[in-house]
Novice: 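Supplied in structure tokens, the structure appears directly below.
Please read these numbers as outputs of a predicted model, since none were measured by experiment. Each chain gets a letter, A, B and so on, in the order its sequence line appears, and its residues count up from 1.
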Amino acid sequence: MIITLKDGKREFANGLSALDIAGQLSQELKKQAICARVDGAITELWKPIDHDCALEILTFEDDEAKRVLRHTASHVLAQAVKKLKPNAKLAIGPAIENGFYYDFDVDEPFTPDFLVDVEKEMARIVIKNDRFEGFELPRAEAIQFMQERNEPYKVQLIEDLPEDAPLSFYKQGDFTDLCAGPHLPSTGKVKAFKLTSIAGAYWRGSEKNKMLQRIYGTAFADKAELDAYLQRIEEAKKRDHRRLGRELDLFDIRDEGPGFPFFYPKGMVLRNLLEDYWRQIHHEAGYEEIKTPIMLNRALWERSGHWDHYKDNMYTTKIDDMDFAIKPMNCPGGILVYQRKLWSYRDLPCRSGELGLVHRHELSGALHGLMRVRCFTQDDAHIFMTPEQIRDEIKGVYRLIDKVYQTFGFPYKVELSTRPENAIGTDEMWALATEGLQGALDDLAVPYTINEGDGAFYGPKIDFHLEDSLGRTWQCGTIQLDMNLPERFDLTYTGPDGEKHRPVMIHRVVLGSIERFIGILTEHFAGAFPLWLAPVQVKVLTITDRCDEMAKAVRAKLEAAGIRTELDLRNEKIGFKVREAQMMKIPYMLVLGDKEVEDQVVNVRTRKGDTIGTMNVDALLEMLKQQIATKALQ
RNA sequence: GCCAAUAUAGCUCAGUUGGUAGAGCAGCGGUUUCGUAAACCGCAGGUCAAGGGUUCGAGUCCCUUUAUUGGCUCCA
């Protein structure tokens, strides 16, 4: 038998397992073998290999091995919970990004104290070091097996698997679970784990189903790695935009307005700069700006379909006995703007953008700082065009979004969502629309994932996701094709044939919502915004009051040149003033003492802690202007 | 909305088995004029989220409501 290892061919005796081979290679491996990839597929280490194959031994450094480790940990978790609460019914327990969870149906919700007990029980199981043993059962026996153990969720899982699917089970100690595998060889390999939280979670993710109790945890190769991870989480919390918003005096959400954010003066500076930038790039990209009313009458919302399908999320009111609704979306207003005149194919595409303030009554439990609010400003635009223009237009929007995200240095993920079950429109229209989006992505050679059936009922969409400090992703940009509203509002343009045609409409946002984008921005830069966005760009710090006059003059000169400058003339030590400016993450501090006054220069310090040295104000201005003009990320 | 936890000064947090509410920072008043992340002294600041209950007595125990946090669902 010849096994091709990752780094070349090796011959081994027949019937050896990957574990045996790993043992033989232990000198070379240096790291502990966790699982193996045989001919590309992940498998357990202990399974005998009796054929020629390509073998790769994975260590904890491999992401796939980490998933196997965490999945194994979830089995240990389930075993521990069953031991402590034999009546708990098992649902599912997968590995997830950075950890794992297991869902249980229990009579009483779990408590934090119980979590401590479970951790102790898990530690006992790990010490016992039970081997994982896999076996398969025919369908009927598998169902009977789980019925006998009173595991209705497992029975349901089996019943929903395809008829011919192999039904594999894994047993460690006295615990057996339905599972596709693979696992580590034994429970003892789960060395460093921690249960992190308890949460309610609906069975199969549907709120129509029963809510189960979920336990989250994480596991690492060793304690050092686990501690490093927990440390990283603590550090990430310091970047939380909710915390920084308050500390840097940018924005906050008060109990008096759940989901309705306040922007304070400094936050408003940041916000206005973003909006200025937005206007500039949209002007360059051929958009015209409009503004539509925040509140419109019921008839409009009935025609758009929102009254019937979105009313639960809308704030409504009655004026002069007529129903009105505050807009949850800008599109109906944008459509009324389109309808103000007759359109020729020569005028298309028509791109009109709007920084539109929308209100949505989101579920209270969904609110999250600036990331999920109940009133927010979408940097919306609606583009009306002929079907032939779809592909190029989508490409244009994509490039615009890409350009903006690159300006901020944001990595992003692209997802294409296709036709859902409750879709309207013909197969033909969906095929055309989906091809338009997919074609554009393919033309641009963009990596993307497909969310089958996750599109809006009115059309497919491309979503752009950005990460927050804890790695949670938030949808920001989106490009959505709409095959519904043009019909409902009977939108037309006149073609070269003199006949009326239906335009294709897309909704798109680049930043998504100004609020969410500011949240992402704040976490990404940990509050240390690039110079061009910093609410305060420069702070002048004096050492004694003999420098006050020059300090005021320096500030006046910088302000006159458009640099946002603050002055600290307080009777405090320079260390104290530096510390404060530093904590406010002000990009440049100008220290002025007797020496600087005499030489008519400023001593420049950055928020990174570097002292650049002295220079005259003109040279400083030159440097600042350069950085601002290029929107340098630093 | 659902599951769980939490709510004490502007901020970060103490507050023991129920017995008159505390610290640091920030603020204000002084002293100090100082060289790159915290000078010193003093003062003031709270209907303990709101409402109800148990008790001689509630920040502390119970109930309701509100908000927040972590998830689920939903979504920019």
Novice: Would you measure the distance from the P atom in B:A5 across to the matching atom in B:C61 and give it in whole Å?
Specialist: 13 Å
Novice: If I pick the P atom on B:A4 and the same atom on B:U64, what distance separates them, to the nearest angstrom?
Specialist: 12 Å
Novice: Just the rounded figure in Å: distance from C1' of B:C11 to CG of A:L248.
Specialist: 13 Å
Novice: Could you check which residues of residues 94-119 of chain A get a heavy atom under 4.0 Å from RNA chain B? Sort them by number, please.
Specialist: A:P109
Novice: Whole angstroms only, please: what is the CZ-C1' distance between A:R570 and B:U31?
Specialist: 17 Å
Novice: Each nucleotide in nucleotides 34-45 of chain B should get exactly one letter: B, S or -. Can you fill that in based on protein heavy atoms under 4.0 Å?
Specialist: BBBBBB------
Novice: Test of understanding: with side chain to side chain contact (heavy atoms under 4.5 Å, CB included), list the residues that count as partners of A:Q406, not counting sequence neighbours.
Specialist: A:D402
Novice: When the aromatic ring centroids of A:Y458 and A:H309 are compared, is their separation below 6.0 Å?
Specialist: no
Novice: Taking ring-ring contact (aromatic ring centres under 6.0 Å, His included) as the test, write out the residues that go with A:Y229, two or more places apart.
Specialist: A:F220
Novice: Determine the Euclidean distance between corresponding C1' atoms of B:G22 and B:A14; express it in Å to zero decimal places.
Specialist: 7 Å
Novice: For A:Y412, which residues count as a ring-ring contact (aromatic ring centres under 6.0 Å, His included) partner, sequence neighbours excluded?
Specialist: A:Y405, A:F464
Novice: Which residues pass the ring-ring contact (aromatic ring centres under 6.0 Å, His included) test with A:F525, sequence neighbours left out?
Specialist: none
Novice: Using atom C1' in both nucleotides, what's the gap between B:C56 and B:G70 to the nearest angstrom?
Specialist: 42 Å
Novice: Would A:R70 count as a cation-pi partner of A:F100, with NZ or CZ less than 6.0 Å from the six-membered ring centre and within 45° of the ring normal?
Specialist: no
Novice: Does a donor on one side chain sit under 3.5 Å from an acceptor on the other, for A:T292 and A:K327?
Specialist: yes
Novice: Identify, with sequence neighbours excluded, every residue that meets ring-ring contact (aromatic ring centres under 6.0 Å, His included) alongside A:H524.
Specialist: A:F410
Novice: I need a per-nucleotide contact map over nucleotides 66-76 of chain B, read 5' to 3'. Cutoff is protein heavy atoms under 4.0 Å; write B for the base, S for backbone only, - otherwise.
Specialist: -SSSBBBBBBB
Novice: Between B:C63 and B:U55, how many Å separate the two C1' atoms, rounded to a whole number?
Specialist: 16 Å
Novice: Both conditions, 6.0 Å and 45 degrees, for the charged tip of A:K85 above the ring of A:F114: are they met here?
Specialist: yes
Novice: Should we say atom CG of A:D107 is surrounded by more than 12 heavy atoms from elsewhere, each under 6.0 Å from it?
Specialist: no
Novice: Which residues pass the side chain to side chain contact (heavy atoms under 4.5 Å, CB included) test with A:E572, not counting sequence neighbours?
Specialist: A:R570, A:F576, A:K577
Novice: What distance, rounded to whole Å, do you find between the two C1' atoms, one in B:A9 and one in B:A23?
Specialist: 11 Å
Novice: Side chains of A:E523 and A:H241: donor-acceptor distance under 3.5 Å anywhere?
Specialist: yes
Novice: Can you tell me how far C1' in B:C25 sits from the matching atom in B:A49, rounded to whole Å?
Specialist: 23 Å
Novice: Treat a base pair as Watson-Crick or G-U wobble with both distances under 3.5 Å, then lay out RNA chain B in dot-bracket form, 5' to 3', with | for cross-strand pairs.
Specialist: (((((((..((((.....[..)))).(((((.......))))).....(((((..]....))))))))))))....
Novice: Which value, in whole Å, describes the distance between the P atoms of nucleotides B:C28 and B:G10?
Specialist: 15 Å
Novice: side-chain hydrogen bond (donor to acceptor under 3.5 Å, both in side chains) with A:E247: which residues, sequence neighbours excluded?
Specialist: A:R243
Novice: Which atom pairs, donor and acceptor, lie under 3.5 Å between side-chain atoms of residues 470-477 of chain A and protein residues at least two apart or in another chain?
Specialist:
from: A:R472; atom 1: NE; to: A:D468; atom 2: OD2; distance (Å): 2.9
from: A:W474; atom 1: NE1; to: A:D468; atom 2: OD2; distance (Å): 3.1
from: A:Q475; atom 1: NE2; to: A:D463; atom 2: OD1; distance (Å): 3.1

